[in-house]
Amino acid sequence: MPKTALVIPCFNEGKRLNLPAFKKALDSYPELMFYFVDDGSADNTYEILQKFSVDSARVKVLRLEKNSGKAVAVRHGILASVKDGNALTGFWDADLATPLSELNAFIRELSSPDVEMVMGCRLAHLGSKVKRKVSRHYLGRVFATTVSALLSMQVYDTQCGAKLMRTELAAKLFDRPFISAWLFDVELLKRTKEIYGIPACETKIIELPLRQWNDVAGSKLKFSKMLLVPFVLLRIFSRRS
Ligand SMILES: Nc1nc2c(ncn2[C@@H]2O[C@H](COP(=O)(O)OP(=O)(O)O)[C@@H](O)[C@H]2O)c(=O)[nH]1
Ligand SMILES: [Mg+2]
């Protein structure tokens, strides 16, 4: 297994962090490191993480003084992994909506030299356990169809919070800040397209249908933010990133 780093952005996750699940992953994957980034939490997230890191040299805890949003938190952790020279670097939502048992499949995809980035894809189908709220599912379909048109690239699920890529690519994609705190996944695709162009991009990026995805309660993404989506997309696609 290549040296793999997962960045876990954490904002007020004290109640949701499932530490035994993270510990189990460390035991299962000897080359795995976690980079937890506390995004200026107001609860005891940082203390919990610090305590967890005492027992393992493969757990790093970074901290942002003030809450800066998911994109900034993820970027902070990714840049630390780039510096440390891990072979693969990715990010994974702290609520483990995508269970860490899926990680193996991500790494397997990246064993093919053509593949540069693997994105979790929440596609409900026979044989999978992917359960989403109906409203979120349909909003997601409209969103993905719009983004596919804007990118001229068929993408099913841009927003899944589990992505893994070659660190060399991560270094290029995260070298500058993002426009959006929530839609930076779209910016990642746009930046990859600017590097490789189409059609190369369509083989370098793989969407991996997850076997399991759980709609974990406690999402902090407010409906009011969703109303801003068209404006944010406009900003992203009217500029060169
Ligand atoms: N809501 C929120 N989440 C953040 C922030 N910074 C980092 N995160 C992390 O981003 C991830 C996704 O958040 P979540 O609330 O589960 O969003 P959702 O499931 O995509 O609706 C979690 O790991 C959060 O802890 C922030 O400023 N706000
Ligand atoms: Mg979530």
Side-chain angles (χ1 to χ4, degrees), residues 5-19 21-22 25 34-50 52 59-81 89-100 102-103 119-124 129-144 147 155-164 174 177-189 210 212-229 232:
L6 284 189
V7 173
I8 317 288
C10 298
F11 176 56
N12 292 344
E13 294 286 2
K15 289 211 178 77
R16 287 204 306 183
L17 278 172
N18 180 355
L19 295 180
F22 287 103
F34 287 118
Y35 291 68
F36 289 94
V37 182
D38 173 38
D39 185 14
S41 297
D43 68 356
N44 59 347
T45 297
Y46 185 67
E47 289 70 30
I48 290 177
L49 291 174
Q50 269 209 318
F52 184 55
V59 175
K60 285 202 175 185
V61 182
L62 313 173
R63 185 184 209 179
L64 295 170
E65 279 304 315
K66 69 175 197 349
N67 179 232
S68 310
K70 183 177 173 183
V72 171
V74 168
R75 182 165 175 266
H76 195 63
I78 299 266
L79 293 179
S81 167
T89 300
F91 54 93
W92 212 272
D93 279 355
D95 57 10
L96 299 183
T98 307
L100 286 164
E102 296 285 322
L103 179 61
M119 319 200 314
C121 174
R122 294 163 294 179
L123 177 68
K129 289 185 197 148
V130 174
K131 290 198 183 72
R132 297 185 77 185
K133 273 193 214 117
V134 175
S135 58
R136 278 256 185 152
H137 169 77
Y138 284 107
L139 280 171
R141 295 318 315 129
V142 173
F143 181 78
V147 171
V155 50
Y156 185 86
D157 184 5
T158 59
Q159 296 312 110
C160 179
K163 294 186 171 67
L164 186 65
F174 286 86
F178 295 96
I179 292 171
S180 161
W182 279 102
L183 300 184
F184 74 100
D185 310 66
V186 174
E187 293 180 66
L188 288 177
L189 289 170
L210 299 172
Q212 194 181 343
W213 188 86
N214 311 305
D215 208 340
V216 179
S219 161
K220 288 155 237 122
L221 185 56
K222 299 271 175 329
F223 186 71
S224 55
K225 279 230 173 92
M226 291 188 196
L227 298 175
L228 294 175
V229 162
V232 180

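Order of appearance sets the numbers: ligands from 1, and atoms from 1 within every ligand.
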_Close-contact set for ligand 1 against D95 heavy atoms, below 4.0 Å_ = 16 (O), 19 (O)
*Looking only at heavy atoms of G69, does any of them come nearer than 4.0 Å to an atom of ligand 1?*
yes
*Find all atoms of ligand 1 within a distance of less than 4.0 Å from any non-hydrogen atom belonging to N67, and give their numbers and elements.*
26 (C), 27 (O)
*Which bit of D39 is near ligand 1, meaning a heavy atom under 4.0 Å away: side chain, backbone, both or neither?*
side chain
*Would you mind counting protein N, O or S atoms that sit less than 2.8 Å from the Mg ion (ligand 2)?*
1
_Regarding atom 8 (N) of ligand 1: of the candidates W92, F11, F91, F36, which has the closest heavy atom?_
F11
_Interatomic spacing from NZ in K163 to OG1 in T89 - rounded to 0.5 Å_ = 15.0 Å
*asked:* I'd like to check the side chain to side chain contact (heavy atoms under 4.5 Å, CB included) partners of D93; sequence neighbours left out, ordered by chain and number.
replied: K70, D95
*How about F91 and F184: are their ring centroids closer than 6.0 Å?*
yes
*Can you tell me how far CG of L96 sits from CG of N18, rounded to the nearest 0.5 angstrom?*
6.0 Å
*asked:* According to side chain to side chain contact (heavy atoms under 4.5 Å, CB included), who are the partners of Q212, at least two apart in sequence or on a separate chain?
replied: P99, E102, K129, N214
*Should the ring pair F174 and F178 be called parallel, tilted or perpendicular, given that the plane angle runs from 0 to 90° and is split at 30 and 60?*
perpendicular
*Of all the atoms in ligand 1, which lie at a distance below 4.0 Å from a heavy atom belonging to E13?*
22 (C), 23 (O), 24 (C), 25 (O)
*asked:* If we ignore hydrogens and angles and just use 3.5 Å, is the side chain of E187 paired with the main-chain N or O of I179 as donor and acceptor?
replied: yes
Show which side-chain atoms of residues 5-14 pair as donor or acceptor with protein atoms under 3.5 Å away, not counting sequence neighbours.
unit_1 : atom_1 : unit_2 : atom_2 : d
N12    : OD1    : A42    : N      : 2.7
N12    : OD1    : D43    : N      : 3.4
E13    : OE1    : R16    : NE     : 2.8
E13    : OE1    : R16    : NH2    : 3.4
E13    : OE2    : R16    : NH2    : 2.9
E13    : OE2    : K220   : NZ     : 3.0

*4.0 Å heavy-atom contact, R136 with ligand 1*: yes
*asked:* Check for me whether Q159 has a heavy atom closer than 4.0 Å to any atom of ligand 1.
replied: no
*So, Q159 side chain and W182 main chain: donor-acceptor pair closer than 3.5 Å or not?*
yes
_Closest non-hydrogen atom pair, S180 against V232_ = CB-CG1, 3.5 Å
*Atoms of ligand 1 less than 4.0 Å from R16 heavy atoms?*
14 (P), 15 (O), 16 (O)
*asked:* Between D38 and R63 (salt bridge meaning N to carboxylate O under 4.0 Å), is one present in this structure?
replied: yes
*Answer yes or no for C10: is there a heavy-atom contact with ligand 1 below 4.0 Å?*
yes
*Heavy-atom contacts with D93 under 4.0 Å: which atoms of ligand 1 show up? List them by number with element.*
11 (C), 12 (C), 23 (O)
